> 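Below is one structure. I have some questions about it.
Read the numbers this way: they start at 1 and go in the same order the structure lists the ligands and their atoms. Predicted model, so just to flag it, every value in this text is computed and none were measured.
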Amino acid sequence: MIEFLMNMDIKSYFILIFAAIIIVFIMLSICRITTNKYVIKNRQELFDEARPLSDKCAKTGIRLLDELQTFRKYIHELGLYQTYSCSSSIEANAANNPIKYLIKYSNIKYDENSLEKIDYCIKWSRLYRQNITDMTTLTNNIRNNLPPFIKLFTSRKKLSYNVCNISYDLAKFEDPVFIFSYVSTAGKSGRSVEIYITPAVLLSIRSEVYAKFNKQAHSKTQRATMTNDLREAIKKRDNYTCCICGNSIYKEPNLLLEVDHIIPISKGGKTEASNLQTLCWRCNRAKSNKM
Ligand SMILES: [Zn+2]
């Protein structure tokens with residue numbers, strides 16, 4: 001045998017090595033197929049042995065697959081999955097302040113509709129991560145119950161998916177990514193910032209949107225509360241006298257009196273008697289100029 005190997009030319013060596021690789025590859029494939037068949041054949045048994053975790057993984061997996069379409073639809077509608085061609089300065093700013101620039105250059109609005117979609121995506125994304133962790137634990141649990149030969153050759157990646165009877169497509173999910181891409185006019189140079197839409201990023205977006213949405217909703221409500229009757233009542237309460245300069249309609253019959261929010265609505269002030277005062281128009285202008 002050794003003599004035979006020594007007498008071979010270089011070409012034959014390569015053929016021999018190549019053939020050996022092919023044989024090993026075929027044998028491994030056969031082992032894979034055999035072990036896969038074993039897992040599928042004993043699926044129910046392996047599933048039952050790994051309960052209750054297998055139950056949880058199967059249910060969550062089905063739900064995640066069901067809701068994946070909606071998740072993708074919302075991400076698309078929010079404009080969070082795209083490559084945005086921009087100037088060099090936007091690209092640089094986006095790198096320093098990703099959340100602000102994501103909101104500015106996506107389709108996100110400061111309204112309930114956007115908030116609901118963001119919430120949905122956060123929930124899905126978090127559940128997906130939890131499921132990945134559970135699936136890994138489940139894989140280890142199942143492997144402990146496998147015969148040594150099967151354990152050696154079975155595919156680690158697909159094992160828990162096969163046992164739970166969930167499409168392996170779920171494992172191929174990747175976080176959406178928003179890319180700020182700058183390419184110079186000559187097209188010779190370019191840079192880009194990639195922002196992965198993880199639950200943490202979605203949460204930061206959510207709190208920004210929520211804060212501004214709340215502020216807008218607050219302003220709207222407080223402005224609507226300000227009625228003519230209330231205005232008249234405050235003036236009467238203050239005896240038709242300016243709370244700053246003391247001028248009144250008794251001293252100046254044509255004096256224009258206005259009702260002012262002591263803490264402005266924009267700073268969180270409410271339209272209620274304790275936050276309202278009568279001012280003459282001059283003092284009111286002076287006050288708003290100062291703010
Ligand atoms: Zn005044």
> Name the orientation class of the two ring planes belonging to W124 and Y128 (parallel below 30°, tilted from 30 to 60°, perpendicular beyond 60°).
parallel
> At what distance, to the nearest 0.5 angstrom, does SG of C280 lie from CD1 of I249?
13.0 Å
> Which heavy atom of T241 sits nearest to which heavy atom of S248, and what is that distance?
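Reported closest heavy-atom pair: OG1-CB, 3.5 Å.
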> What I want to find out is whether D48 reaches R43 closely enough, with some N-O distance under 4.0 Å, to be called a salt bridge.
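No, no charged N to carboxylate O under 4.0 Å.
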> Run through the protein N/O/S atoms less than 2.8 Å from the Zn ion (ligand 1) and write them out by chain and number.
C242 SG, C245 SG, C280 SG, C283 SG
> For the residue pair Y105 and Y101, does the interplanar ring angle fall in the parallel (under 30°), tilted (30 to 60°) or perpendicular (over 60°) class?
parallel
> Shortest non-hydrogen contact from Y161 to I132?
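The pair with the smallest heavy-atom distance is OH-CD1, 4.1 Å.
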